[in-house]
Amino acid sequence: MKEIAQRITQCDEENGTIKKSISQMTQNVLVVLSTRGQFQEVREKIRQPVSDKGTILKTKPQSAQKDILSVCSDPLILAQQLTTIELERLGNIFPEDLMQIISHMDSLDNHKCRSDVTKTYNLEAYDNWFNCLSMLVATEICKVVKKKQRTRVMEFFIDVARECFNIGNFNSMMAIISGMNLSPVARLKKTWSKVKTAKFDVLEHHMDPSSNFCNYRTALQGATQRSQSANSSREKIVIPVFNLFIKDIFFLHKIHSNRLPNGHINFKKFWEISRQIHDFLTWKQVECPYEKDKKIQTYLLTTPIYTEEALFLASFENEGPDNHMEKDSWKTLRSTLLNRA
């Protein structure tokens with residue numbers, strides 16, 4: 001880019017108008033690249049899974065533990081704060097990040113090493129955010145000792161997921177559902193028996209993976225159409241399930257060849273990939289209509305989350321093992337974590 005800019009400015013030595021514009025453009029690019037680099041550095045420092053014995057084995061009294069309901073008890077407000085985080089993460093993803101997927105696949109197909117290709121940190125960061133949110137949901141449920149309070153937390157997250165769906169934030173909705181379907185949470189039968197699951201069943205229906213997530217894709221299409229005709233930014237929000245969006249691009253490139261049998265370029269394939277990326281750019285450019293709540297966002301982004309082992313142990317301590325297999329797993333986990341601590 002610098003070389004091209006230099007050649008252009010050489011042709012404009014008389015009045016220097018183009019030289020000034022290109023100089024400003026180059027400076028802007030460098031600022032953006034620097035910001036993205038700083039984002040990556042911060043991302044790597046944020047939140048590590050908890051495996052501390054005192055926290056996991058609940059040696060501290062329950063009243064001393066901070067939970068999501070003490071920070072935010074309104075499902076709509078939490079859904080809005082999740083949406084601000086999602087839109088901020090989307091804002092750090094650019095078309096070249098998405099095209100890196102195709103570039104990487106081509107290099108693998110050609111058995112070439114692409115050590116020169118910049119890692120797609122922003123894609124990884126967004127994927128990690130989804131996983132962290134799922135684990136946070138599971139942690140918030142499993143760390144509650146009293147069944148009545150645990151039931152309340154479950155129903156709260158169901159309501160948050162429903163509000164995310166209404167907003168058009170499908171990524172957070174999917175992450176919450178995934179967290180509630182993790183084995184340590186799913187096995188809490190006594191707790192689930194007290195939960196009003198009708199709303200959760202509706203949400204699971206929307207995210208049913210059968211027929212290539214047909215129900216979700218219908219909902220996404222409806223949200224996209226609403227966005228196109230919307231007057232307010234609140235109605236323009238569309239945040240897709242990001243890993244499904246990436247898979248769609250992956251399979252579009254993988255299944256369809258770059259060239260037709262007659263040797264011509266397969267424009268239909270590239271047009272479809274271009275359309276999907278264009279839709280994504282439209283979604284990420286929506287201005288967030290919600291104000292950040294520092295207290296809530298700090299909790300969501302930095303509060304410690306349990307490891308998978310810790311989740312199982314907390315789950316077994318809340319509701320004892322049902323069978324011999326679970327009993328063996330519980331003993332092994334407890335012994336492992338105590339020795340490690």
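Hydrogens, waters and symmetry mates play no part in the numbers below; they use all other heavy atoms, side chains included.
Ser233 and Glu287 make their closest contact through CB-O, 3.5 Å (heavy atoms, listed as atom of the first residue, atom of the second, distance). Contact detail for Ala223 and Val238: the closest heavy-atom pair is O-CG2, 3.6 Å. The shortest non-hydrogen separation linking Met173 to Ala161 is CG-O, 3.7 Å. Looking at every heavy atom in both residues, Ile158 comes nearest to Met180 through CG1-CE, 3.8 Å. Scanning both residues, Asn92 and Asp97, for their nearest heavy atoms gives O-OD2, 3.8 Å. For the residue pair Met154 and Leu188, the shortest heavy atom distance occurs at CE-CD1, 4.2 Å.
Note: Leu220 CG to Asn215 CG = 12.5 Å, rounded to the nearest 0.5 Å. Going from atom CD of Glu86 over to atom SG of Cys288 covers 11.0 Å, rounded to the nearest 0.5 Å. For the atom pair Asn169 CG and Leu87 CG, the distance stands at 7.5 Å (nearest 0.5 Å). Here the straight-line distance linking atom NE2 of His264 with atom CZ of Arg259 works out to 9.0 Å at 0.5 Å rounding. Leu133 contributes atom CG, which lies 9.5 Å from atom CD1 of Ile305 (distance to the nearest 0.5 angstrom). In this structure, Leu123 CG and Leu98 CG are separated by 6.0 Å, a value rounded to the nearest 0.5 Å.
Ring-centre distance between Phe170 and Tyr216: below the 6.0 Å cut-off.
Within a 6.0 Å sphere centred on NE2 of His278, heavy atoms belonging to other residues, nucleotides or ligands number 12 at most. Within 6.0 Å of atom CD in Glu308, 12 or fewer heavy atoms from other residues, nucleotides or ligands are found, so the atom counts as exposed in its surroundings. Other residues, nucleotides and ligands contribute only 12 or fewer heavy atoms inside 6.0 Å of the CH2 atom of Trp330.
Salt bridge status for Lys292 with Glu88: present, with a side-chain N to carboxylate O gap under 4.0 Å. A salt bridge does not link Asp67 to Lys143: none of the charged nitrogens lies less than 4.0 Å from a carboxylate oxygen. Classification of Glu155 and Arg152 as a salt-bridged pair fails, no side-chain N sitting under 4.0 Å from a carboxylate O.
Shown are Glu326, His324, Met325; of these, the side-chain contact (heavy atoms from CB on, under 4.5 Å) with Asp322 is made only by Glu326. When each of Leu136, Val71, Asp293 is paired with Leu300, the side-chain contact (heavy atoms from CB on, under 4.5 Å) condition holds for Leu136 and for no other.
Cluster membership for Phe267 and Ile273, using ILVMFWY side-chain heavy atoms within less than 4.5 angstrom, is not shared. Note on Phe270 and Leu281: separate hydrophobic clusters, where clusters join Ile, Leu, Val, Met, Phe, Trp and Tyr whose side-chain heavy atoms are under 4.5 Å apart, directly or indirectly. Note on Met25: it clusters hydrophobically with Ile4, by side-chain heavy-atom contacts below 4.5 Å among ILVMFWY residues. Tracing side-chain contacts under 4.5 Å through hydrophobic residues (I, L, V, M, F, W, Y), one reaches Ile77 starting from Leu301; they form part of the same cluster.
In terms of modelled atom types and a separation under 3.5 Å, the side chain of Trp192 and the main chain of Val185 share a donor-acceptor contact. A donor-acceptor pair under 3.5 Å links the side-chain atoms of Gln81 to the main chain of Glu291, judged by distance alone. In terms of modelled atom types and a separation under 3.5 Å, the side chain of Asn181 and the main chain of Ala186 share no donor-acceptor contact. A donor-acceptor pair under 3.5 Å is formed between the side chain of Thr298 and the backbone N or O of Lys294. Between the side chain of Arg217 and the main chain of Asn212, a donor-acceptor pair closer than 3.5 Å is present. Side chain of Ser211 to main chain of Cys214: no donor-acceptor pair is present (N/O by atom type, distance under 3.5 Å, no hydrogens or angles). Side-chain N or O atoms of Thr332 include one that pairs as donor or acceptor with a backbone N or O of Asp328 at under 3.5 Å. Distance alone, capped at 3.5 Å, places no donor-acceptor pair between the Arg150 side chain and the Ile141 backbone.
Listed by chain and number, the residues in a ring-ring contact (aromatic ring centres under 6.0 Å, His included) with Phe157 amount to none (sequence neighbours excluded).
Residues Leu182 and Ser178 fail the side-chain proximity criterion, which asks for heavy atoms closer than 4.5 Å. Side-chain contact check for Thr83 versus Ile237: some heavy-atom pair is nearer than 4.5 Å. Annotation: side chain of Thr307 is not in contact with side chain of Leu311 (no heavy-atom distance under 4.5 Å).
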Open item on the list: As a quick check of understanding, evaluate side-chain contact (heavy atoms from CB on, under 4.5 Å) for Ser227 and Glu235, giving each step before the final call.
Closed with: CA-CA 6 Å; Ser227 176; Glu235 296 177 330; over 6 Å; no

Open item on the list: Show, in sequence, the C-alpha distance, side-chain angles and deciding distance for Thr303 and Lys66, and conclude whether the side-chain contact (heavy atoms from CB on, under 4.5 Å) test is met.
Closed with: CA-CA 9 Å; Thr303 193; Lys66 200 173 185 180; over 6 Å; no

- [ ] Assess whether side-chain contact (heavy atoms from CB on, under 4.5 Å) is satisfied between Leu260 and Asn266, documenting all intermediate values.
- [x] CA-CA 5 Å; Leu260 300 172; Asn266 187 354; 3.9 Å; yes

Task: side-chain contact (heavy atoms from CB on, under 4.5 Å) evaluation trace for Tyr126 with Asn171 - done: CA-CA 10 Å; Tyr126 201 22; Asn171 201 56; 3.6 Å; yes

Task: Check against side chain to side chain donor-acceptor pair (under 3.5 Å), His253 and Lys269 - done: CA-CA 7 Å; His253 182 63; Lys269 166 189 171 175; 2.9 Å; yes

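With 3.5 Å as the limit, one finds a donor-acceptor pair spanning the side chains of Glu319 and Thr191. With no hydrogens or angles considered, a side-chain donor-acceptor pair links Thr84 and Gln297 at under 3.5 Å. One side chain, Asn28 or Gln24, offers a donor N or O that lies under 3.5 Å from an acceptor on the other.
A cation-pi contact links Lys284 to Phe94, judged by a cut-off of 6.0 Å to the six-membered ring centre and 45° from its axis.
Using the six-membered ring where Trp is involved, Phe245 and Phe280 have ring planes that are parallel, under 30° apart on the 30 and 60° scheme.
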